[in-house]
Amino acid sequence: ANEPKPSVYFWLVTALGIGLVGVALGMPSRNTISSFAYLVIFGVSCALFISGKWSAWGLKSILWALIFLDLILNDYMLIPMIDKKFYEDAPKAAREIKADKELARVYVGKIEGSPDALPIPRTFLAGQIHLKEILHPDIGAVHGISYADGIPASSLESQDQRLWTVIFYQSPLEKRLRILKRSNVKYWIKGEGAPEMEKIIFTPSKVEVLDGALPRAFLVARFRTEKDPYLLNTYYDEFFDPRREVLLSEPATLNEVADFAGAVEDIRYGPNQVVIQTRQNGAGFLVLLDSWFPGWTVTVDGTPQHIFRANHFYRAVQLGSGNHTLRFVYEPAGFKLGMFITGITALCVFWIWARKRSP
């Protein structure tokens with residue numbers, strides 16, 4: 001009694017057919033034939049059901065089977081179908097990088113020529129194996145690997161990431177290497193896969209160390225204020241020394257010390273925070289090669305301080321002489337306001353509920 005009328009199936013199949021034809025004409029692809037095959041099977045199943053040769057249970061079984069086949073054969077990203085051990089077991093490249101114990105970023109891909117497009121695998125599993133082999137950001141992020149480009153959440157904010165990529169691929173080889181090193185990139189993964197007729201040729205991944213890469217955090221004694229983002233021309237210039245000077249996007253004052261010396265003694269990352277220990281013999285700036293982004297705050301020895309936008313992409317904090325503990329904490333913009341609104345809403349709902357229950 002609750003089953004749809006036969007005409008419902010007829011119009012459903014007709015609508016699906018018209019929609020599929022429209023999609024095939026607008027965006028032709030290899031999946032069009034299989035989609036038509038599914039539609040034919042669905043139509044025949046409906047005809048058998050309408051004629052009384054099949055029960056409703058049989059029709060539903062076919063529908064579920066078609067959905068399952070479409071997801072598998074068309075390579076839908078069914079990540080839960082891959083054992084979690086596949087992602088938990090660190091690839092060789094990740095083990096090599098983590099063994100170094102240095103906080104440095106990774107670049108995956110070519111340095112010469114134009115960037116490669118990601119290979120289109122025949123199956124989702126083949127694609128995941130390939131991404132793991134070359135330590136792609138999708139896999140590396142699971143093992144705490146950070147990148148100069150790639151996933152916005154683990155690299156730079158999306159707008160700046162695009163700017164970084166544009167500058168990188170518009171630069172000659174020598175400048176590209178300099179950009180990587182000044183982005184805290186010490187490790188270069190050269191392994192690549194080449195797409196050929198929906199197949200992937202695997203090449204072993206190789207970790208190459210780039211000498212002279214900037215550390216994640218360091219101290220400088222001088223600053224210069226330049227226009228943002230044009231200061232990147234200076235930052236990536238071969239004659240600029242980022243270990244001696246930082247480029248700020250806003251004015252600052254500093255009493256320079258001729259024989260400035262200092263060191264970053266410890267860096268610890270936690271959920272939404274970074275704690276850094278420093279020592280220095282005069283006023284200077286701590287430069288942290290993590291992305292500058294609204295929502296980050298910092299305290300120096302428990303006192304709130306200002307975060308300067310440094311070298312366009314990164315952060316800098318002005319410090320005086322002595323030993324210091326810096327604590328960077330991230331709180332999304334609008335978080336407190338959102339919590340306040342949520343609390344008021346909860347109180348209103350509770351008040352309405354209490355009013356309704358009262359006699």
Quick one: does any side-chain atom of [X] pair with a main-chain N or O of [Y] as donor and acceptor, under 3.5 Å?
X	Y	answer
S183	I179	yes
Q318	T253	yes
K181	D211	yes
N272	V329	no
H143	Y87	yes

Just jot down the side-chain contact (heavy atoms from CB on, under 4.5 Å) partners of [X], sequence neighbours excluded, or say none.
X	result
K85	D83, E88, D89
S249	D228, L231, R309
K53	L48, S51
S321	none

Hey, can you pull the donor-acceptor pairs under 3.5 Å for the side chains in residues 235-243, sequence neighbours left out?
from, atom 1, to, atom 2, distance (Å)
Y235, OH, R182, O, 2.6
D237, OD1, F239, N, 2.8
D241, OD1, R243, N, 3.0

Problem set entry | Heavy-atom closest contact (A217 atom, L286 atom, distance) | CB-CD1, 4.3 Å

Exercise. Which atom names give the shortest non-hydrogen contact between F285 and A316, and what distance separates them?
Worked result: CD2-CB, 4.3 Å

How long is the gap from [atom1] on [X] to [atom2] on [Y], to the nearest 0.5 Å?
X	Y	atom1	atom2	value
L180	W164	CG	CH2	5.0 Å
I139	F86	CD1	CZ	5.5 Å
T303	H324	OG1	NE2	10.5 Å
R176	I111	CZ	CD1	8.5 Å

For this session: May I ask you to say whether E226 pairs ionically with R224, meaning some side-chain N is under 4.0 Å from a carboxylate O?
Result: yes

For this session: Report yes or no: do V166 and Y230 belong to one cluster of Ile/Leu/Val/Met/Phe/Trp/Tyr joined by side chain heavy-atom distances under 4.5 Å?
Result: no

[X]: what forms a side chain to side chain donor-acceptor pair (under 3.5 Å) with it, not counting sequence neighbours?
X	result
R327	Q273
Q280	none
R178	none

Exercise. Any luck finding a side-chain donor-acceptor pair between S45 and W54 under 3.5 Å?
Worked result: no

Problem set entry | W296: partners by ring pair (Phe, Tyr, Trp, His ring centres under 6.0 Å), with sequence neighbours left out | Y330

For this session: Not counting sequence neighbours, which residues clear ring pair (Phe, Tyr, Trp, His ring centres under 6.0 Å) with Y187? List them please.
Result: none

For this session: Mind checking salt bridge (charged side-chain N to carboxylate O under 4.0 Å, His left out) for D100 and listing every partner two or more places apart, or none if nothing turns up?
Result: K186

Less than 3.5 Å apart, which donor and acceptor atoms pair up between the side chains of residues 258-266 and the rest of the protein, not counting sequence neighbours?
from, atom 1, to, atom 2, distance (Å)
E265, OE2, R279, NE, 2.7
D266, OD2, R268, NE, 2.9

Problem set entry | Aromatic ring proximity, centroids under 6.0 angstrom, F293 and Y314 | no

Problem set entry | Verdict with supporting geometry, E133 and K92, side chain to side chain contact (heavy atoms under 4.5 Å, CB included) | CA-CA 8 Å; E133 178 72 14; K92 178 184 176 183; over 6 Å; no

For this session: Quick one: do N184 and D290 satisfy side chain to side chain contact (heavy atoms under 4.5 Å, CB included)? Show the steps, please.
Result: CA-CA 9 Å; N184 183 230; D290 283 347; over 6 Å; no

For this session: Start with the C-alpha distance between R216 and Y269, add both sets of side-chain angles, then the distance that settles side chain to side chain contact (heavy atoms under 4.5 Å, CB included), and finish with yes or no.
Result: CA-CA 12 Å; R216 182 66 57 87; Y269 281 82; 3.0 Å; yes

